[in-house]
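First the proteins, then the strands, lettered A, B, ... as listed; each starts at 1.
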Amino acid sequence: MSGPVANEMLKIRDLHAYYGKSHVLRGVSMDVPRGSVTALLGRNGVGRSTTAKAIMGEVAPKGDIWFKGENISGLPSHAIACKGLGYVPENRDIFPLMSVRDNLLLGIKDMRKPGKWSIEQMLDMFPNLKSRADTPAGVLSGGEKQMLTICRTLMGDPDLIIIDEPTEGLAPKIVTQVGELIAQIAQAGVSILLVEQKLSIALKIAQQVYVMGHGEIVYHGTPEEFRVRDDIRREWLEV
Amino acid sequence: MTDYSLDRVPDLAPSARYKFATRVLPLLLLALILLSIPLFEPSRTWLSLFNAIGINMVFALSYNMLLGQAGLLSFGHAVYFGLGGYAAMHGMNAIENASYDGGIWAAFPMFGLPLVGFAGGALAGALIGFPSCRRSDVPFAMISLGIAELVAAAGFMFISVFGGEEGITGDRMNGIELFGLSLGPLGDVYWFIAFWTFVGVALMYAFTRTPLGKMAQAVRDNPERVKFVGYNPNRVRYLVFIAAGGFAGLAGGMSAVNYEIFTPESLSVIPSGLVLLMAFIGGARYFAGPILGAVVLTYMQSNLSDYSEAWLLYLGLLFIGMILFAPGGLAGLLLSGTAALKHSLSVKGLLRVGAFASSALLAAAGIIVLVELAVRYSNGFGEAFEPFGLHLAPDQMMSWVVGLVLAGVGIGALKVLSKQGGMGS
Amino acid sequence: METVVFALLNGLIYGLLLFMLSSGLTLIFSMMGVLNFAHASFYMLGAYFAFTLGQHTGFWFALFLAPICVGAAGACVERWGLRKVHARGHVAELLFTFGLAYVIEELVKIIWGKFAVAYEIPPELNFSLFKLFGSQYPAYRIFMLVVSIAMLAGLWYLLKRTRIGLIIQASLTHPNMVAHLGHNVPRIFMLVFAAGCALAGLAGVIGGNYLVTEPSMAFSIGPIVFVVVVVGGMGSLEGAFIASLLIGFLQTFAISIDSSFAEIFSFAGLSADGDVGRITIASLAPMLPFILLVLMLMLRPRGLMGEREF
Amino acid sequence: MSALALQLKDLRKSFGPAKIIEGVSLDIARGERHAIIGPNGAGKSTLFNLISGLFPPSSGQISLGGKQINGLKPHQINRLGLSRSFQVSNIFANMSVRENVRCGVLWSLGYGHSFWRNIGNLKEVQHKTAEVLEKVGLTEKADVPAVLLTYADQRTLEIAITIAGGADVILLDEPTAGMSHSETARAIELIERATEGKTLLIVEHDMGVVFGLSDRISVLVYGEIIATGTPEEIRGNARVREAYLGDETDMAEVTA
Amino acid sequence: DGVKIGYIDPLSGPFGSTGDAGLKHFRYAANEINAAGGMGGMQVEVIGFDNKLNPKESLVQLQKAIDQGVRFVVQGNGSSAANALTDAIAKHNKRNPGEEVLFLNYAAVDPALTNKKCNYWHFRFDAHVDMKMAGLTDWLQNQKDIKTAYILAQDYSFGRAFTDAAKSMITEKRPDMKIVGAELHPIGRVKDFTPYVQKMMSAKADVVLTGNWGTDMTLLVKAANASGHQVPYLTFYGGGLGAPTAMGQSAVGLVKQITEFHENIEASDEQMARVDDFEEVNNLDYYYERVFTLMNMLDKAIDGVGSVDVPKIAATLEGMTYETPYGEVTMRADDHQLIQPLYISTFSEGVERDVENTGFGFETDIAIPAAATELPTTCKMRRPS
Ligand SMILES: Nc1ncnc2c1ncn2[C@@H]1O[C@H](COP(=O)(O)OP(=O)(O)OP(=O)(O)O)[C@@H](O)[C@H]1O
Ligand SMILES: Nc1ncnc2c1ncn2[C@@H]1O[C@H](COP(=O)(O)OP(=O)(O)OP(=O)(O)O)[C@@H](O)[C@H]1O
Ligand SMILES: CC(C)C[C@H](N)C(=O)O
Ligand SMILES: [Mg+2]
Ligand SMILES: [Mg+2]
């Protein structure tokens with residue numbers, strides 16, 4: 001097995017994961033290059049979220065996960081986060097009783113080291129959030145919640161963000177907005193691993209596409225290559 | 001709405017054999033055990049132990065109607081045990097008075113006193129449960145704690161009802177005799193206890209299979225959703241609470257006849273805590289759990305306390321161990337143990353279960369040695385701990401080393417074994 | 001007048017002692033959601049540690065050392081016990097601490113014996129400060145007052161001025177998410193639990209010699225501490241403070257009232273014989289906190305100052 | 001008997017200062033399939049919560065079959081023949097699938113709080129339960145504990161519990177959320193079958209489902225209904241498009 | 001195979017140390033008797049049973065004791081437990097002829113036990129409340145500058161009996177005196193007596209009468225000390241375990257007790273040697289002379305009968321006289337109440353023998369001869385035929 005290459009942000013080799021006895025990930029290997037947007041596509045239940053959770057240490061991983069050249073497989077979640085890996089889970093997990101500002105505050109890992117983004121900057125960038133900075137985050141609409149989670153993760157200065165289905169359950173119009181936000185973050189130099197089901201967004205902003213089926217990677221290519229692979233779409237994505 | 005046709009709908013009911021094996025057989029077994037105990041001509045000591053176990057079985061099962069079935073954690077269940085018991089005590093005295101002066105109580109046999117207890121407990125449950133069942137979870141637990149303290153304090157205050165510090169006493173050898181039992185000698189009392197234990201266990205088991213019993217489980221699982229299938233979870237809790245109070249009262253009535261005394265102490269948080277331990281250590285998830293718990297704890301309470309001053313420490317450790325490693329309680333352990341044996345009836349499987357059991361024993365032995373040494377050391381009588389003819393003196397380094405090594409090896413082995421996958425896998 | 005002043009002073013001291021005891025519980029309860037049944041047991045440990053340490057180092061060192069030892073014990077309990085049941089919810093945690101209370105009491109009996117130990121007020125503080133209506137006022141009580149005020153201030157700072165409170169509250173409901181944000185939740189939990197236990201230990205150091213240091217001291221004071229926390233309101237430090245004082249005053253005032261129900265009824269032109277008449281207000285004193293508890297939970301479950309129900 | 005199954009009159013709800021529902025009026029005829037769509041946070045689930053009695057409305061009226069039900073408790077409303085499902089699966093996790101469904105059946109068959117009857121001997125209950133299981137296709141999994149079901153099966157069970165009581169008015173909150181296309185298709189078919197002859201009120205984001213299933217659609221935006229009409233009318237409504245659907249191209253891709 | 005004596009008293013909890021002290025006295029006495037050849041040639045064994053001061057638990061322990069072959073039950077801490085035991089033992093003896101059990105009460109002093117509730121199987125070796133109260137109020141009779149009294153006792157049968165006796169005897173013997181307060185507090189549950197003491201102070205009581213014992217006594221004295229309450233305390237148990245330590249200097253001359261023994265009563269050298277030896281062996285003050293009286297009278301009875309024939313032993317104990325180091329005592333046959341000399345003593349400085357190594361000890365004010373302590377009884381003793 002080859003060692004990490006400097007250009008790779010994240011490099012996964014032969015990753016397995018289990019829920020109890022069920023073998024969910026059966027040897028996933030993939031790479032996320034520095035500064036790119038990588039999309040991980042697949043049907044429901046094929047194990048995309050599990051891949052994200054395994055990387056983040058929420059599900060016990062078996063296999064190798066190199067992040068910035070360091071094997072992080074088996075570390076506890078908080079240690080992985082401290083190495084510069086941000087994660088936006090699929091259920092959003094905002095802290096509903098806390099204000100928007102406090103939610104952002106919790107994104108900061110170490111109060112002593114100021115990061116790239118300050119809370120005020122963040123709020124300025126998102127007028128929607130700014131107007132509700134001091135209201136409990138629980139009353140935000142679904143789209144606003146999604147923005148808040150992404151911003152909160154950014155507060156921790158990650159080098160790579162894994163975003164799990166940011167558009168799930170969002171109204172069609174909001175979906176577009178969230179897509180724009182992600183593109184914006186990518187432009188700011190943060191690498192992104194986008195776990196998605198909706199092709200529209202993924203194909204628009206990603207530089208490379210992985211397709212997953214039954215706990216394995218079944219396809220890897222650029223969006224352009226992928227667009228013409230109707231067979232893959234039919235077999236693995238049901239579109 | 002009722003347009004279902006018989007042939008189209010598959011029959012999901014379990015087979016008659018399955019029903020018999022899981023529902024009738026255990027009760028028959030219980031009856032058999034209860035009937036055969038006197039054949040062994042147990043000594044007075046054993047008889048008093050069996051009587052205490054019977055009472056605690058009913059009490060613990062009634063507690064589990066709350067904890068295991070309706071998911072209500074109560075720190076005050078002894079209130080209903082006690083109030084039922086007091087009702088029965090007053091009944092006992094009424095029977096005695098009626099046996100001199102006449103009156104309707106003269107027609108009431110002493111044997112039926114647990115029914116008075118049931119009525120008392122259920123009534124108390126109906127009164128106290130009404131406000132407290134409007135809450136659940138931790139607030140309910142706190143309310144039950146507060147009420148237990150209140151009722152116990154009131155018990156000390158209202159002397160004519162509760163007798164104050166000394167409680168009230170009675171004499172069970174009065175009134176008409178039933179089944180030819182004078183209730184004087186312990187042997188008679190055994191039949192009395194056995195009868196009511198069986199009745200209590202059978203009825204409480206039947207309760208789990210009624211619509212109300214099933215809905216209680218639903219309320220435990222998800223009270224929110226219950227509201228949307230037409231039930232008021234508070235109402236369900238309340239009704240279960242009354243029933244649990246009634247059965248606790250039944251146990252109280254049994255206890256009244258057995259001990260012929262009730263004191264306000266028996267309303268307090270301490271017996272409430274003990275019944276909680278019984279239900280939990282036995283296994284609150286299983287119907288039979290509290291029965292096991294009652295047997296084990298009553299035995300520990302009356303016999304282990306003779307062997308070791310530190311029995312409460314063992315009890316606490318056992319309880320904590322159960323919470324940490326076996327939330328299913330003894331019943332859960334037994335079930336998973338037998339399941340493990342059944343599933344992998346291979347040499348390897350047997351070895352695994354054996355290894356688990358023996359390292360657990362080793363660890364327990366080590367802890368026991370350490371505790372016993374500590375007890376003797378702190379008593380300072382210069383006594384030695386002498387299990388199985390060994391001589392372990394607390395003032396010798398060696399004894400402590402023995403304990404430490406035993407405990408260390410046992411715990412280490414358990415760790416290694418559980419790292420290799422859970423029990424039975 | 002005299003009666004009122006005395007009742008106020010005694011109520012204040014008793015209330016402050018309750019506050020010292022319950023502040024640690026409030027901390028643990030508000031931050032971790034754990035209703036620590038064994039809290040009073042840590043209070044007891046504080047008293048016993050101070051007793052033993054005090055024999056070697058004197059009271060003043062013990063005042064610092066004992067709470068640290070208790071805190072360390074608390075940390076161990078969290079690390080190897082509570083943490084394991086955390087995932088199974090509050091009822092499991094409550095049960096765990098319930099069992100722990102048993103174990104601690106028995107261990108104390110083994111280590112220090114079954115009876116009270118001679119843990120005394122240090123001679124430096126054992127004098128009367130002033131005289132009021134012919135009754136002396138011991139200096140130790142003023143010392144208790146000072147310590148409890150310091151505790152209130154310190155806790156206030158910890159809860160309101162640092163981000164720890166936020167992190168813990170968030171991790172109560174979303175532990176994984178908080179970890180993904182880079183916070184070491186288990187360690188923070190352990191520290192909070194240890195801090196709460198240390199506070200209980202401090203209360204033990206101070207209360208143990210003011211009252212009695214014996215193995216049942218935990219059990220006899222434990223339930224009242226719950227009353228304070230519940231009445232004060234889930235997780236509210238201010239609430240706990242007010243509730244402590246309220247209960248302190250309530251109990252001491254009740255004791256100082258010298259009439260029975262018979263007198264009260266006859267005052268109202270009624271007659272009350274038998275039991276009810278015999279009962280005096282004073283004898284109701286131990287019941288009052290629990291009446292308050294039950295009423296509060298039924299009528300206003302969030303407590304006096306709580307922000308949420310629990 | 002009123003011809004309307006459900007009628008909302010100027011319904012309002014606020015949580016503290018936040019006004020979530022701001023004057024919703026809606027008439028739903030007997031047997032109608034009515035969808036409610038709207039952006040996230042518009043108040044759709046809140047509306048369901050109001051109708052089903054989880055929260056009392058701040059003001060306004062709700063009537064079910066001509067009978068006022070605002071202020072009633074959820075279980076009382078359920079007994080009057082209104083049943084709902086939840087956006088996040090809300091099932092009896094530790095019970096088997098069959099027991100889950102049976103919980104939904106018991107009250108409607110009049111067994112209430114009875115504690116003197118053996119549930120195993122209640123033939124009527126067994127049959128009704130089996131029938132519902134059969135209808136939703138969970139018969140094979142009848143004895144599986146609900147926690148162990150796959151996500152899609154849990155969603156199905158959620159629907160099964162909702163329809164088990166035989167209520168005439170059914171409220172489904174995003175029944176297909178998180179399902180894949182084939183699962184969604186199956187679920188829709190199930191819903192159509194199960195609600196035949198009943199009144200259905202459904203919240204969905206999946207426009208395919210919404211436009212295929214419903215007789216009429218209401219669009220809820222920030223607590224107000226901005227349009228109600230047949231699917232065609234809604235599709236053609238400019239305001240709806242602006243507030244919710246977004247432009248045509250996006251929609252095509254999303255619902256493809 | 002030996003005489004088994006079951007000691008049923010609290011051996012844990014707040015009153016555990018009090019019960020433990022009693023057990024040590026019994027064990028010492030038993031050793032003494034065994035060394036001298038045992039009771040009727042049989043060795044004596046005293047087995048401790050912890051009743052946690054709870055009447056019901058007492059009965060559970062009684063059952064256990066009987067199962068272990070115990071025929072003599074001794075108990076004292078708490079008239080509540082004694083009341084339950086006397087009932088239960090009577091019932092047991094009725095239901096199990098041939099297995100009778102004797103109840104030898106060394107400290108539970110509720111008068112009812114030898115009056116209304118007297119029964120044949122119960123013998124009391126301590127003077128009961130009315131007898132002791134009579135002594136204390138006799139002393140009060142001569143203290144004309146004491147005008148007001150406050151009564152504090154534990155809320156159970158003993159405490160109530162104490163309060164009733166105090167009230168009636170004070171009104172009888174000192175009609176001019178005013179009772180400014182009478183309080184019953186829950187037993188073993190008060191942690192700080194300061195409010196009670198301050199109530200006494202605001203009520204301007206000239207004297208306090210208290211029946212408190214065990215921790216309740218220790219804590220009361222501690223609170224009185226802290227508040228500087230400087231009035232005489234007339235007690236039954238001022239010399240009980242722990243109280244002298246808590247009293248200290250400020251109680252000197254103020255705390256009085258009425259007992260059958262304290263260390264500074266004149267006695268033979270032999271007796272003083274026993275006291276010294278006891279204190280050395282047990283690291284505890286010699287307190288219960290009546291435990292030795294009890295054990296020696298039982299010894300005498302068993303020696304006379306020659307076997308453990310309980311009904312015969314009971315018959316022998318009835319009316320028995322015995323010479324203690326402090327004078328002759330009689331077990332009155334009418335009610336099974338021991339009639340013995342009593343002493344009123346004061347906590348003082350500069351005494352010959354101190355208590356609890358405090359440097360303070362008790363000094364006799366008044367010695368009341370046995371005959372003078374005698375009171376009539378309402379007991380109608382029913383003897384088995
Ligand atoms: N906590 C869990 N316990 C047991 N099985 C799980 C758990 N979470 C997920 N699974 C199962 O693991 C498989 C993969 O789940 P995963 O969440 O990774 O899928 P996904 O591709 O992200 O799909 P989705 O669209 O539902 O998010 C599924 O079959 C799912 O049922
Ligand atoms: N109990 C509550 N307290 C305060 N605010 C609430 C409460 N319940 C809902 N809200 C707020 O009301 C608004 C509407 O929420 P609701 O869940 O009804 O939206 P929805 O239309 O169902 O959205 P989605 O499509 O995301 O499910 C949201 O802003 C939400 O945060
Ligand atoms: C040991 C004694 C102080 C007991 C007390 N005299 C009572 O009768 O209860
Ligand atoms: Mg997913
Ligand atoms: Mg919703």
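Rounded to the nearest 0.5 angstrom, B/M142 CE and C/L94 CG are separated by 5.5 Å. Taken to the nearest 0.5 Å, the CG atom of C/L107 stands 7.0 Å off from the CG atom of B/L317. Atom-to-atom distance recorded for B/L150:CG and C/L293:CG is 8.0 Å, nearest 0.5 angstrom. For the atom pair B/L145 CG and C/F226 CZ, the distance stands at 7.0 Å (nearest 0.5 Å). Taking NZ of C/K84 as the reference point, atom CG of B/L324 lies at 6.5 Å (rounded to 0.5 Å). A distance of 7.5 Å separates CZ of B/R134 from CE of C/M298, quoted to the nearest 0.5 Å.
With a 4.5 Å cut-off on non-hydrogen atoms, B/F140 does not touch chain C at all. Heavy-atom distances place the side chain of C/Y102, and not its backbone, under 4.5 Å from chain B. Looking at C/W80, the atoms closer than 4.5 Å to chain B (heavy atoms on both sides) all sit in the backbone: N, CA, C or O. Contacts of B/L277 with chain C are made by side-chain atoms alone, with heavy-atom separations under 4.5 Å and no backbone atom involved. With a threshold of 4.5 angstrom between heavy atoms, B/L73 approaches chain C through side-chain atoms but not through N, CA, C or O. The contact between C/I291 and chain B is made by backbone and side chain atoms together, counting heavy-atom distances below 4.5 Å. Residue contact with chain B, scored on non-hydrogen atoms closer than 4.5 Å, involves the backbone and the side chain of C/L95 alike.
Here B/G273 is the residue among B/G273, B/A310, B/A154, B/A153 with the most heavy-atom pairs under 4.5 Å with chain C. For chain C, the option among B/A148, B/P327, B/G316, B/A141 with the highest count of heavy-atom pairs below 4.5 Å is B/P327. The greatest number of non-hydrogen atom pairs below 4.5 Å with chain B, out of C/G81, C/G99, C/A92, C/G113, is found for C/G99.
Using a 4.5 Å cut-off on side-chain heavy atoms (C-beta onward), B/M157 and C/M287 make contact.
Annotation: C/F96 is not in aromatic contact with B/F319 [ring centroid separation under 6.0 Å not met]. Taking the centre of each ring, B/F75 and C/F37 come in below the 6.0 Å mark.
Between B/L313 and C/E106 the shortest heavy-atom distance is N-CG, 3.4 Å.
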